[in-house]
Number of protein chains: 2
Amino acid sequence: MARTAGRPPRSKAEILEFRSKIGKHALEIYRAEGFEAVSMRRLAKAVGCAPMTIYAHFDGKTDILRYLWADVLTDMSSDIAEKLKSVAGPSERLQSASHSFIAYWIDHSDHFRLVFMSNDVTRADVSTFLMGEDTLAHFLMFSDLIREVHPEEHDVKMSTDTLISGLIGIALCMNTMPDYPWADATSMTNQLLLSIIV
Amino acid sequence: MARTAGRPPRSKAEILEFRSKIGKHALEIYRAEGFEAVSMRRLAKAVGCAPMTIYAHFDGKTDILRYLWADVLTDMSSDIAEKLKSVAGPSERLQSASHSFIAYWIDHSDHFRLVFMSNDVTRADVSTFLMGEDTLAHFLMFSDLIREVHPEEHDVKMSTDTLISGLIGIALCMNTMPDYPWADATSMTNQLLLSIIV
DNA sequence: ATAATATTTGGAACGCGTTCTATATTAATG
DNA sequence: CATTAATATAGAACGCGTTCCAAATATTAT
């Protein structure tokens with residue numbers, strides 16, 4: 001498999017660098033002017049390349065959004081961790097994290113829509129929410145908290161998944177259907193936690 | 001307040017008729033060719049009017065989508081009711097409805113995206129999911145089922161809201177993040193029900 | 001240098017949701 | 001009839017995500 005003539009493919013480092021450069025600019029625009037401003041043409045102008053060049057490095061726009069997701073999730077995690085510092089007991093810590101989780105997504109409904117509602121029907125590809133190891137970690141933090149509550153044998157995975165999806169559901173409902181008089185977010189979270197803490 | 005000269009405004013009946021006519025065509029297109037095919041220009045062609053005329057009757061596309069939501073929710077309700085026929089016990093009925101609810105949204109992920117993820121970031125208006133009385137009824141059915149389980153005094157509203165949002169959350173997660181190895185949907189639903197049935 | 005290959009670029013194009021403007025068309029009052 | 005107001009229509013325009021294509025450019029082996 002001797003190298004043939006011609007320009008060699010970019011190294012993986014080059015590809016990653018270009019991708020993260022675009023991601024960085026996308027992040028800047030999103031934070032400064034919101035999601036509407038993050039367009040392919042605008043992004044190309046910011047990064048200093050032709051609009052079409054981006055398509056050589058990304059599958060499409062949703063592919064770029066992952067960089068925004070990662071940033072938002074990191075922000076959320078540090079928010080939860082910050083409030084968690086002053087909490088001691090195992091079940092209290094789980095409760096605190098859950099309430100912080102909900103509070104974050106309600107206080108930042110634009111972020112919520114970005115992360116959980118960006119790959120919708122309008123997009124043809126319906127690309128899935130691809131979770132990397134790092135992205136996953138932001139959610140799996142709940143596993144550790146649940147384990148602290150249940151040191152004995154216990155189906156931690158199922159409890160974690162139920163809690164996470166339940167919390168996301170509460171945030172989704174309160175964000176997208178604000179006209180409906182939902183019960184208090186704190187109360188609903190506590191009720192949901194009943195199924196985990198027992 | 002004597003009527004001035006000029007053409008009178010359309011009657012409310014006329015307005016409603018035109019709206020439902022458009023809604024009907026939107027429904028036909030959606031069912032036949034999926035969401036991508038439902039475009040304003042296409043819709044105008046189907047209904048036989050100019051594309052701009054629609055904007056005189058609707059705030060925008062999301063406003064039209066409500067007709068699709070209503071149809072999908074009706075479909076879901078009858079699906080749940082059908083499976084509920086053969087179930088007797090109060091808690092068994094609540095479980096059945098919950099599992100049917102989840103199953104429906106997983107079997108029809110396109111419908112799920114349409115109903116719960118259509119007003120996303122990409123749309124500028126971020127119009128909220130406006131629930132009419134009829135739309136609401138499809139969800140409030142869970143209240144009755146919970147009441148059957150808890151004849152004594154019990155915060156039915158909070159239980160209902162927690163259950164509904166939790167179920168929607170499970171559906172959202174499994175639909176949008178299929179790569180993550182979520183726990184079994186049935187198991188998660190049962191776990192969620194633990195917090196309601198106690 | 002020359003040839004070969006990878007990549008970037010520019011521009012046009014498509015359909016989309018949406019806004020705007022100018023021009024009918026309709027149906028009432030005077 | 002003419003006037004007047006509500007509505008409908010046509011068409012252009014904007015920016016969007018995306019696809020296609022031809023031309024230019026960069027980098028390597030020969």
Side-chain angles (χ1 to χ4, degrees), chain A residues 1-19 21-22 26 29-30 33-66 68 114 118-127, chain B residues 1-19 21-22 26 29-30 33-66 68 114 118-127:
Chain A
M1 49 191 317
R3 280 273 301 105
T4 56
R7 181 178 181 169
R10 286 165 307 186
S11 70
K12 285 188 177 167
E14 281 172 321
I15 293 177
L16 238 81
E17 194 199 4
F18 192 92
R19 281 179 66 92
K21 186 165 80 169
I22 290 189
I29 298 176
Y30 175 68
E33 305 178 41
F35 183 83
E36 294 177 43
V38 183
S39 75
M40 299 299 270
R41 291 168 175 84
R42 177 98 157 66
L43 200 48
K45 198 171 292 182
V47 81
C49 71
M52 298 305 101
T53 309
I54 302 181
Y55 280 91
H57 297 257
F58 289 91
D59 289 339
K61 194 174 180 182
T62 14
D63 198 16
I64 301 179
L65 295 187
R66 294 190 222 286
L68 306 188
L114 175 73
S118 56
N119 52 341
D120 66 337
V121 254
T122 62
R123 299 257 50 78
D125 59 343
V126 192
S127 79
Chain B
M1 53 191 311
R3 280 273 301 103
T4 56
R7 179 177 182 171
R10 286 164 307 185
S11 71
K12 286 188 177 169
E14 283 172 322
I15 293 177
L16 239 81
E17 193 200 4
F18 192 93
R19 282 178 63 92
K21 185 164 80 170
I22 291 189
I29 299 175
Y30 175 69
E33 304 178 42
F35 182 84
E36 294 178 41
V38 184
S39 75
M40 300 299 269
R41 292 167 174 84
R42 178 98 156 66
L43 201 47
K45 196 170 293 182
V47 82
C49 72
M52 299 304 101
T53 308
I54 302 181
Y55 280 92
H57 298 257
F58 289 92
D59 289 338
K61 194 175 180 181
T62 14
D63 197 16
I64 301 179
L65 296 188
R66 295 191 223 285
L68 306 188
L114 176 72
S118 56
N119 51 342
D120 66 337
V121 255
T122 63
R123 299 257 50 77
D125 58 342
V126 192
S127 78

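Numbered from 1 within each chain, the chains take letters A, B, ... in sequence-line order. Note that the structure is predicted; figures quoted are calculated from it, not measured.
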Counting only side-chain nitrogens and oxygens, does A/Ser39 get under 4.0 Å of the OP1 or OP2 atom of D/dC16? yes
Has B/Tyr55 got a side-chain N or O lying under 4.0 Å from the OP1 or OP2 atom of C/dT18? yes
Looking at every non-hydrogen atom in both residues, tell me the closest pair between A/Val38 and A/Ala26 and how far apart they are. CG2-O, 4.0 Å
Phosphate OP1/OP2 of D/dA8 contacted by B/Thr53 side-chain N/O (<4.0 Å): no
Which is more 5' along DNA chain C, the nucleotide nearest A/Cys49 or the one nearest B/Ala37? Just name the residue. A/Cys49
What nucleic acid atoms does B/Arg41 come within less than 4.0 Å of, heavy atoms only: base, sugar-phosphate, or nothing? base
So, OP1 or OP2 of D/dT7: does either fall under 4.0 Å of a side-chain N or O from B/His57? no
Within this structure, what is the CE-to-C1' distance between B/Met52 and C/dT25, rounded to whole angstrom? 18 Å
Students often get this wrong, so: under 4.0 angstrom with heavy atoms, is A/Met40 touching a base, only sugar-phosphate, or nothing? sugar-phosphate
On a heavy-atom basis, which atom in B/His57 and which in B/Arg19 lie closest, and how many Å separate them? O-NH1, 2.8 Å
Is there side-chain contact between A/Ile64 and A/Met40, with heavy atoms separated by less than 4.5 Å? yes
Passing candidate, side-chain contact (heavy atoms from CB on, under 4.5 Å) with B/Ile22, options B/Thr53, B/Asp63, B/Ile54: B/Ile54
